[in-house]
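Notes to accompany the following structure.
Along the sequence shown, residues carry numbers from 1. Because the structure is predicted, anything quoted here is derived from the model rather than measured.
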Amino acid sequence: MSGGGGDGGAAQARADEQARQARIRQGTETIDDIFGQFDDNFYTGRRSAYLDYATPQLQDQYTDAQKQLAFALDRAGTTDSSIRAAREAELSKLYDTNLRAVTDEALSYENSARNNVEQSRSNLLTTLQSTADANAAAQQAQNQAASLTQPDTYSPLAQLFTTFTNQLGNQAAVERASYASGGAITPTVSTGLFAPSSGAVVVNK
């Protein structure tokens with residue numbers, strides 16, 4: 001004898017599952033719509049934001065290091081253009097190295113944003129599959145999107161040229177002492193950078 005429940009409730013189970021899948025599709029569409037704002041422009045914007053923050057700091061530090069180098073050269077009475085060019089090239093190379101580091105850090109902010117967005121979206125979809133609660137998924141997606149669009153927090157750049165400028169002072173002191181002592185004090189490395197010019201007067205300090 002058969003009746004409405006003769007299939008053991010299979011029909012109701014199928015209907016419930018169809019309704020569940022419909023809610024999941026609705027929730028998925030909502031998540032995709034909310035997360036649609038995270039496009040290539042968003043990610044490259046994260047990279048650009050860090051470059052806009054860090055590059056002026058790098059440039060200021062480089063300009064300061066250039067001034068310190070020029071001061072050290074002039075104070076030593078260095079007129080040898082090859083020596084000047086060598087140290088300026090060394091500083092320029094250091095600037096290029098630091099610029100690459102800043103660029104790489106900016107790219108890491110872009111990649112991190114991509115990963116965070118994709119991870120959040122994946123977690124939302126996993127939760128939706130489990131709960132089939134489209135309304136909750138929509139609210140959670142809104143909250144996650146609001147969090148993901150918050151600007152990054154940056155730390156100021158370290159003093160990137162300190163080693164170079166400190167070396168200038170240390171090398172200057174050692175070489176000036178060597179010349180003043182008539183060679184009695186011998187620097188570990190003699191660059192010739194801080195040798196007094198033929199018309200310079202060496203003053204012990």
Side-chain angles (χ1 to χ4, degrees), residues 4-66 90-166:
D7 60 358
Q12 184 60 51
R14 286 194 297 272
D16 290 345
E17 180 58 23
Q18 289 173 352
R20 178 178 179 277
Q21 291 299 325
R23 293 194 300 273
I24 290 174
R25 286 194 297 273
Q26 178 187 350
T28 299
E29 290 173 359
T30 301
I31 291 171
D32 288 343
D33 182 59
I34 293 171
F35 273 60
Q37 63 187 291
F38 301 114
D39 55 11
D40 286 341
N41 287 334
F42 173 80
Y43 299 122
T44 56
R46 290 289 162 141
R47 171 158 48 94
S48 297
Y50 182 74
L51 288 174
D52 290 344
Y53 172 82
T55 304
Q57 295 181 55
L58 173 62
Q59 187 60 53
D60 287 345
Q61 290 189 31
Y62 178 53
T63 299
D64 184 62
Q66 286 178 308
E90 181 183 347
L91 180 58
S92 178
K93 182 178 179 180
L94 181 57
Y95 170 80
D96 290 340
T97 298
N98 287 319
L99 179 59
R100 284 193 298 273
V102 166
T103 302
D104 289 344
E105 182 69 6
L107 183 59
S108 76
Y109 276 102
E110 177 182 344
N111 291 335
S112 179
R114 289 181 184 275
N115 293 336
N116 290 340
V117 167
E118 185 53 39
Q119 186 62 54
S120 293
R121 181 178 179 279
S122 177
N123 290 342
L124 287 167
L125 292 175
T126 297
T127 301
L128 176 62
Q129 285 288 339
S130 175
T131 64
D133 189 335
N135 292 331
Q139 185 60 55
Q140 291 167 3
Q142 290 283 9
N143 293 341
Q144 287 292 316
S147 176
L148 290 165
T149 53
Q150 291 297 307
D152 292 309
T153 301
Y154 310 127
S155 297
L157 292 186
Q159 294 301 310
L160 303 173
F161 299 92
T162 298
T163 299
F164 178 86
T165 54
N166 284 348

Distance (rounded to the nearest 0.5 Å) between Tyr53 OH and Tyr154 OH:
9.0 Å
Is the backbone N or O of Asp60 less than 3.5 Å from a side-chain atom of Asp64, with the two atoms forming a donor-acceptor pair by type?
no
Have Gln61 and Gln57 got a donor and an acceptor in their side chains that come within less than 3.5 Å?
no
With a cut-off of 3.5 Å and sequence neighbours excluded, list every side-chain donor-acceptor pair involving residues 36-43.
residue : atom : partner : partner atom : Å
Gln37   : NE2  : Ile34   : O            : 3.0
Asp39   : OD1  : Asn41   : N            : 3.3
Asp39   : OD1  : Phe42   : N            : 3.0
Asp40   : OD1  : Arg114  : NH2          : 3.4

Full working for side-chain contact (heavy atoms from CB on, under 4.5 Å) between Tyr50 and Val102
CA-CA 8 Å; Tyr50 182 74; Val102 166; 4.1 Å; yes
Which one of Asn123, Val117, Asn115, Asn116 satisfies the side-chain contact (heavy atoms from CB on, under 4.5 Å) criterion with Gln119?
Asn123
Supply the atom-to-atom distance Leu125 CG to Ile31 CD1, rounded to the nearest 0.5 angstrom.
4.5 Å
Calculate, to the nearest 0.5 Å, the distance between atoms OG and CG belonging to Ser112 and Leu107 respectively.
11.0 Å
Main chain of Gln129, side chain of Arg20: is a donor-acceptor contact present, judged purely on distance under 3.5 Å?
yes
Heavy-atom pair with the smallest gap, counting every atom of Thr153 and Tyr109
O-OH, 3.8 Å
With sequence neighbours excluded, residues passing salt bridge (charged side-chain N to carboxylate O under 4.0 Å, His left out) with Asp32:
Arg121
I need the Arg46 CZ to Asp152 CG distance, nearest 0.5 Å.
4.5 Å
Which pair of non-hydrogen atoms, one from Thr28 and one from Leu128, has the smallest distance, and what is that distance?
N-CD2, 3.3 Å
Taking Lys93 first and then Glu90, would you say they form a salt bridge - that is, a charged N and a carboxylate O separated by under 4.0 Å?
no
Approximate separation, where rounding is to 0.5 Å, of Leu91 CG and Asp96 CG:
10.0 Å
I want to check something: taking the side chain as every heavy atom from C-beta on, are Tyr62 and Asn98 in contact at a cut-off of under 4.5 Å?
no
Correct closest heavy-atom pair for Leu58 and Leu160 would be CD1-CD1, 3.7 Å
Show every donor-acceptor pair shorter than 3.5 Å between a side-chain atom in residues 140-147 and any protein atom, with sequence neighbours excluded, or say none if there are none.
residue : atom : partner : partner atom : Å
Asn143  : OD1  : Gln139  : NE2          : 3.2
Asn143  : ND2  : Gln139  : O            : 3.4
Gln144  : OE1  : Ser120  : OG           : 3.2

Please say which of Arg23, Glu17, Gln18 ends up in a side chain to side chain donor-acceptor pair (under 3.5 Å) with Gln21.
Glu17
Distance (rounded to the nearest 0.5 Å) between Thr165 OG1 and Leu94 CG:
9.5 Å
